[in-house]
Amino acid sequence: MWRPTFTILRKVVLPHYNEKSSFSKLFYSTKSRFPRSTAKLTLISASVGILVGAGYGGYTHYKINVKKPLKATEVEEYVLLKEAPKYQAQYRVVNDSDNSNLELVLFQYRTCPFCCKVRSYLDARGINYEVVEVDAVLRQAIRWSNYKKVPILLAKVDGGYQQLLDSTAIISMLETYLRDKSYQLSDIVKFYPATRFVNDSGKIATDITNKYFVMNNAPLLDEKQKAAEAEERQWRQWADQVLVHTLSPNVYRTVGEALETFKWFEEVGGWKQSFPAWECALMVYVGAAAMWIISKRLKSRHNIKDDVRQSLYDAANDWMKAIQKKGTPFLGGDKPNLADISVFGVLSSIEGCGAFEDLKTNTSIGQWFQAMKMNMKETSGKHLASYA
């Protein structure tokens, strides 16, 4: 959700540090009237670069969601590393009853809805994992990967460390593994080939085939089971293609709300403990301004109503109608299924925002959300503090 803001920083601002253009001379000339401290120069440069390019950068990035199936080709995206990259985990989650035999490291932005989906799944299944908070400005923590988005999940397998990507595909791969441990994750990824295509902006993009399907060698399903799995896939797709697109226009609805949202990101993400003060300020103030601009484009692109809150309420009401029709606490019945976990993960990314409080007040989703939190509390492990 926030990647466009900081991609612009790397592409627009940083190259000027090494170029002898008139623009760079403006910032580095000894006759300049701008402050000369590194922190202030960084903030000024970032502000100009980001605010000028934010709208266009965000627009082109999010056009990935509208794809043209032109000359689609299968590509290799699942890198198997011989050695684990160096990283510093902020914390790890440990569950004494975990019998998955998985050793996982999640590289994330704390409040990214797609990262929240993956964490929700790991907690729902009681899996142990480490968390690395990625610096959203320079993204140093994932320099080892050619894939420059989050989440990235690194899994230890025979022969090295398997990189898994795309939140939906990650969930399906792990669920496939848990249901049939006769396959290693390095084998399971072959069921989910990455396909490269030309998107609506004319750029090369990548998507994962079969990502909404869980693969296993279980006996053929009866009609009732088939219908339940089809429903689960439908709502997982809805979470990715409908629900998630209502978030940005709502949490960045005004400049004030955008700033409030990013301050919450800073707090819940532990930015002050992990990153320099100048970088935190950059992420909060420039990020909020850029995402406020970008959210306006997203509102138009995804047909969000002029009253953006109403689109959020409509999405929540559609979800609750499906659950109420079943007459069970969750879409999956008495226990959450992958659709419940995905929707919960997406919504948990805005739990500390005013938009979420409005959502609970104006729809019936609060009771379901609280039931999901209680269920997660029963299955997830303990959070252990950061360690060296």
Side-chain angles (χ1 to χ4, degrees), residues 1-5 54-55 58-59 61-62 65 108-120 136 150 167 235 238-271 283-323 339-373 376:
M1 179 183 293
W2 301 275
R3 181 172 177 269
T5 303
Y59 177 73
H61 172 74
Y62 276 91
N65 295 301
Q108 66 161 23
Y109 300 151
R110 173 71 186 181
T111 50
C112 160
F114 304 107
C115 301
C116 291
K117 276 173 55 184
V118 175
R119 286 203 315 275
S120 294
V150 289
S167 62
W235 284 103
W238 174 86
D240 290 347
Q241 298 183 0
V242 177
L243 179 62
V244 76
H245 294 312
T246 66
L247 303 188
S248 288
N250 273 279
V251 298
Y252 310 122
R253 184 175 59 168
T254 66
V255 173
E257 286 181 334
L259 185 57
E260 177 185 288
T261 296
F262 267 83
K263 285 184 176 180
W264 177 65
F265 292 167
E266 180 183 43
E267 178 183 352
V268 74
W271 292 357
M283 289 190 285
V284 170
Y285 292 100
V286 181
M291 288 310 299
W292 174 71
I293 295 171
I294 291 170
S295 69
K296 306 308 176 186
R297 292 183 178 272
L298 298 181
K299 175 176 176 289
S300 174
R301 165 160 293 281
H302 298 296
N303 299 315
I304 304 300
K305 294 179 178 179
D306 289 337
D307 181 356
V308 295
R309 283 289 195 271
Q310 192 58 53
S311 287
L312 182 61
Y313 300 158
D314 289 346
N317 288 332
D318 288 343
W319 171 248
M320 291 309 300
K321 284 178 184 177
I323 295 176
D340 287 292
I341 293 169
S342 296
V343 173
F344 174 81
V346 169
L347 288 178
S348 67
S349 70
I350 65 167
E351 188 177 2
C353 302
F356 186 76
E357 293 303 314
D358 289 347
L359 181 65
K360 291 193 298 181
T361 300
N362 290 278
T363 72
S364 61
I365 204 167
Q367 184 176 355
W368 168 85
F369 190 86
Q370 187 60 32
M372 285 293 300
K373 289 189 73 171
M376 293 288 182

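K299 pairs by the side chain to side chain contact (heavy atoms under 4.5 Å, CB included) definition with P249, I304, D306, V308, not counting sequence neighbours. Looking at residues two or more places apart in sequence or on another chain, you find a salt bridge (charged side-chain N to carboxylate O under 4.0 Å, His left out) between D314 and K305. Contacts of S342 classified as side chain to side chain donor-acceptor pair (under 3.5 Å), with partners at least two apart in sequence or in another chain: none. In this structure K263 satisfies the salt bridge (charged side-chain N to carboxylate O under 4.0 Å, His left out) test with no other residue, sequence neighbours excluded. Residues satisfying the side chain to side chain contact (heavy atoms under 4.5 Å, CB included) test with A322, not counting sequence neighbours, are W235, L331. By the ring pair (Phe, Tyr, Trp, His ring centres under 6.0 Å) test, W264 is found to be paired with no residue, residues two or more places apart in sequence or in another chain being considered. Residues forming a side chain to side chain donor-acceptor pair (under 3.5 Å) with W368 (at least two apart in sequence, or on another chain): D340. Judged as a ring pair (Phe, Tyr, Trp, His ring centres under 6.0 Å), and not counting sequence neighbours, the contacts of F356 are F369. R110 pairs by the side chain to side chain contact (heavy atoms under 4.5 Å, CB included) definition with Y91, Q108, R119, E133, V268, not counting sequence neighbours. Considering only residues two or more places apart in sequence or on other chains, N317 meets the side chain to side chain donor-acceptor pair (under 3.5 Å) condition with none of them. The side chain to side chain contact (heavy atoms under 4.5 Å, CB included) search around E357 returns K360, not counting sequence neighbours.
Using a 4.5 Å heavy-atom threshold, the side chains of K373 and M376 count as separate. Proximity of W238 to L243: side-chain heavy atoms (C-beta onward) are separated by under 4.5 Å at one or more points.
Interatomic distance, CE of M372 versus OG of S120, reported as 7.0 Å (0.5 Å rounding). A distance of 15.0 Å separates OH in Y313 from CG in D318, rounded to the nearest 0.5 Å. Taking OG from S311 and CG from N250, the interatomic distance works out to 7.5 Å, rounded to the nearest 0.5 Å. Annotation: the span from Y285 atom OH to L259 atom CG amounts to 6.0 Å, rounded to 0.5 Å.
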Step-by-step side chain to side chain contact (heavy atoms under 4.5 Å, CB included) determination, K117 to D240:
CA-CA 10 Å; K117 276 173 55 184; D240 290 347; 2.7 Å; yes

Derivation of the side chain to side chain contact (heavy atoms under 4.5 Å, CB included) call for W271 and F262:
CA-CA 11 Å; W271 292 357; F262 267 83; 4.2 Å; yes

Applying side chain to side chain contact (heavy atoms under 4.5 Å, CB included) to W319 and V343, what does each step give before you reach the verdict?
CA-CA 9 Å; W319 171 248; V343 173; 3.9 Å; yes

Hey, mind stepping through I365 and L347 against side chain to side chain contact (heavy atoms under 4.5 Å, CB included) and telling me if it holds?
CA-CA 10 Å; I365 204 167; L347 288 178; 3.5 Å; yes

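Residue Q310 qualifies as enclosed at atom CD: its count of foreign heavy atoms under 6.0 Å is above 12.
The salt bridge (charged side-chain N to carboxylate O under 4.0 Å, His left out) contacts involving residues 247-257 comprise R253-E257, E257-R309, where partners must be two or more places apart or lie in separate chains.
Test T111, L312, T261, T246 against V251 for side chain to side chain contact (heavy atoms under 4.5 Å, CB included) and you get one pass: T261.
Of the possible polar contacts, none joining the S349 side chain to the C116 backbone as a donor-acceptor pair under 3.5 Å is found.
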